[in-house]
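Here's the structure, in structure tokens; my notes come after.
Throughout, protein chains are lettered first and strands after them, A, B, ... in sequence-line order, and every chain is numbered starting at 1.
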Amino acid sequence: MSTLPPPKETVKGNIKTITEYKIDEDGKKFKIIRTFKIETRKASKAVARRKNWKKFGNSEYDPPGPNVADTTVSDDVFMVFISSKEDLNAQDVEEDPMNKLKGQKIVSCRICKGDHWTTRCPYKDTLGPMQKELAEQLGLSTGDPTKTAGDEPEPAAPAAGSKTGKYVPPSLRDGSTRRGESMQPNRRGASDDNATIRVTNLSEDTRETDLQELFRPFGSISRIYLAKDKNTGQSKGFAFISFHRREDAARAIAGVSGFGYDHLILNVEWAKPSNN
DNA sequence: GTTGAGCGG
């Protein structure tokens with residue numbers, strides 16, 4: 001039985017030639033030469049340049065192009081980007097149950113449809129009010145459309161200047177001079193989180209007032225949270241201090257970290273946002 | 001070694 005020469009693949013300029021030998025059903029030998037024009041794209045310029053590198057080692061005298069005896073040129077591999085629900089729907093999703101989870105959002109922001117709660121939306125202060133205003137202009141905001149004005153006695157004097165009769169929080173009543181009942185600042189939505197530091201290794205009899213005295217010199221403090229056990233009130237030995245200015249917080253870190261306080265050495269760092 | 005409490009959908 002005669003052996004066939006191995007297939008050969010050469011590249012000259014932008015012409016690629018593949019030569020292979022075959023035997024057909026009648027035992028006749030065939031030589032097949034195929035030539036291709038290689039399309040050079042901008043993106044693969046670097047690849048084209050590498051093709052001109054001088055060969056070395058055992059391949060030093062090989063002709064240009066890959067040696068099919070020891071090199072396999074694979075098919076093109078196309079990358080598939082799954083970036084949206086639509087893409088998922090377009091393909092068959094069923095085969096992998098994980099695919100379902102990928103496209104499914106746990107939460108969807110009402111403002112920007114992003115992957116976060118509405119309250120955490122980065123546009124909550126800009127886009128949010130705009131959308132709300134727009135909705136009110138279109139008359140979609142409140143109320144029962146079957147109810148017409150004045151067909152029912154008002155139970156109490158409506159707030160001055162309010163025609164809609166909808167709830168107005170105390171902080172916005174009377175020309176907004178009055179503040180809300182609760183002056184307790186809310187951790188949620190705190191905008192000063194980038195000026196919050198965490199103090200650890202506090203002795204357990206440290207109080208908020210102690211912290212206030214300790215950090216007061218670095219700048220005005222917007223909030224102090226001393227972590228305590230909810231039931232026993234026992235301090236957990238760490239606290240969060242929020243400053244109004246981040247520079248003050250930075251100086252507080254530099255100034256107080258390593259500071260001996262009671263019988264312990266304080267550790268002060270930037271606080272991470274507690275939410276996941 | 002130790003990162004809060006709360007709101008939803």
Side-chain angles (χ1 to χ4, degrees), chain A residues 84-85 100-129 131-132 135 140-142 166-172 179-216 218-244 246 248-276:
Chain A
S84 70
K85 255 188 179 162
K100 275 183 191 161
L101 291 174
K102 274 185 214 156
Q104 195 178 63
K105 280 181 185 150
I106 311 296
V107 289
S108 169
C109 172
R110 286 182 182 130
I111 293 168
C112 72
K113 309 293 173 212
D115 199 2
H116 46 250
W117 293 105
T118 305
T119 46
R120 318 218 86 220
C121 181
Y123 308 113
K124 120 172 95 83
D125 297 325
T126 53
L127 260 184
Q131 290 179 353
K132 203 173 134 205
L140 305 169
S141 55
T142 44
K166 72 180 176 185
Y167 175 74
V168 177
S171 57
L172 296 178
R179 313 305 315 269
E181 324 289 320
S182 167
M183 282 281 83
Q184 182 62 252
N186 198 350
R187 163 81 191 86
R188 254 188 311 132
S191 56
D192 55 357
D193 256 8
N194 64 340
T196 298
I197 59 177
R198 177 190 94 214
V199 189
T200 54
N201 215 26
L202 287 165
S203 80
E204 54 191 33
D205 42 67
T206 306
R207 308 172 178 301
E208 278 98 340
T209 52
D210 301 323
L211 294 167
Q212 144 97 2
E213 281 172 31
L214 180 61
F215 287 102
R216 189 63 254 274
F218 297 97
S220 72
I221 295 166
S222 62
R223 190 176 56 98
I224 291 182
Y225 180 92
L226 177 60
K228 288 181 268 196
D229 185 289
K230 229 186 290 185
N231 303 99
T232 68
Q234 172 76 250
S235 164
K236 291 202 214 164
F238 68 91
F240 294 95
I241 320 285
S242 297
F243 288 85
H244 282 119
R246 190 171 163 88
D248 294 344
R251 289 190 301 117
I253 291 174
V256 181
S257 197
F259 184 79
Y261 195 73
D262 279 355
H263 55 288
L264 297 171
I265 292 174
L266 295 186
N267 185 31
V268 190
E269 302 164 66
W270 290 110
K272 282 190 282 200
S274 65
N275 251 338
N276 10 325

*Return the nearest nucleotide to the side chain of A/W117; candidates are B/dG4, B/dT2, B/dG9.*
B/dG9
*Find the distance A/K272:NZ to B/dT2:P and express it as a whole number of Å.*
9 Å
*Near DNA chain B, under 4.0 Å by heavy atom, which residues of residues 256-265 of chain A?*
none
*Just how far, in rounded Å, is C1' of B/dG1 from CG of A/L266?*
15 Å
*The side chain of A/T119 lies closest to which of these nucleotides: B/dG1, B/dG8, B/dG4?*
B/dG8
*Between A/N267 and A/S257, is a side-chain contact (heavy atoms from CB on, under 4.5 Å) present by the stated rule, with each step listed?*
CA-CA 5 Å; A/N267 185 31; A/S257 197; 3.8 Å; yes
*Report yes if the side chains of A/T196 and A/I241 come closer than 4.5 Å at any heavy-atom pair, otherwise no.*
no
*asked:* Run the ring pair (Phe, Tyr, Trp, His ring centres under 6.0 Å) test against A/F238 and tell me which residues pass, sequence neighbours left out.
replied: A/F240
*asked:* Quick check: do A/I197 and A/W270 have side-chain heavy atoms less than 4.5 Å from each other?
replied: yes
_Rounded distance (Å) that lies between atom C1' of B/dG4 and atom CD of A/E269_ = 15 Å
*asked:* Please give me the minimum heavy-atom distance between A/G233 and A/K228, naming the atom from each residue.
replied: O-CD, 3.5 Å
*If you look at every heavy atom in A/E269 and A/I253, which pair is closest and at what distance?*
C-CD1, 3.8 Å
_Between C1' on B/dT2 and CD on A/E204, what's the gap in Å once rounded to a whole number?_
13 Å
*Let me know, please, whether A/R110 or A/W270 comes out on the 5' side of the other along DNA chain B by nearest nucleotide.*
A/W270
_Check against side-chain contact (heavy atoms from CB on, under 4.5 Å), A/V256 and A/V199_ = CA-CA 9 Å; A/V256 181; A/V199 189; 5.6 Å; no
*Which part of the nucleic acid, if any, lies within reach of A/F238 when heavy atoms closer than 4.0 Å are counted: base, sugar-phosphate only, or nothing?*
sugar-phosphate
*asked:* Rounded to whole Å, please give me the gap between CG in A/L202 and C1' in B/dT2.
replied: 11 Å
*Test item: A/T206 and A/S235 side chains (from C-beta on) under 4.5 Å apart, heavy atoms*: no
*Hey, which of A/L266, A/D210, A/L264 is the one that makes side chain to side chain contact (heavy atoms under 4.5 Å, CB included) with A/S203?*
A/L264
*Hey, can you pull the residues of residues 225-234 of chain A with a non-hydrogen atom under 4.0 angstrom from DNA chain B?*
A/Y225, A/K230
*Take atom CD1 of A/I111 and atom C1' of B/dG9, then tell me their distance rounded to the nearest Å.*
14 Å
_So A/N267, base contact, sugar-phosphate only, or nothing? Heavy-atom distance under 4.0 Å._
nothing
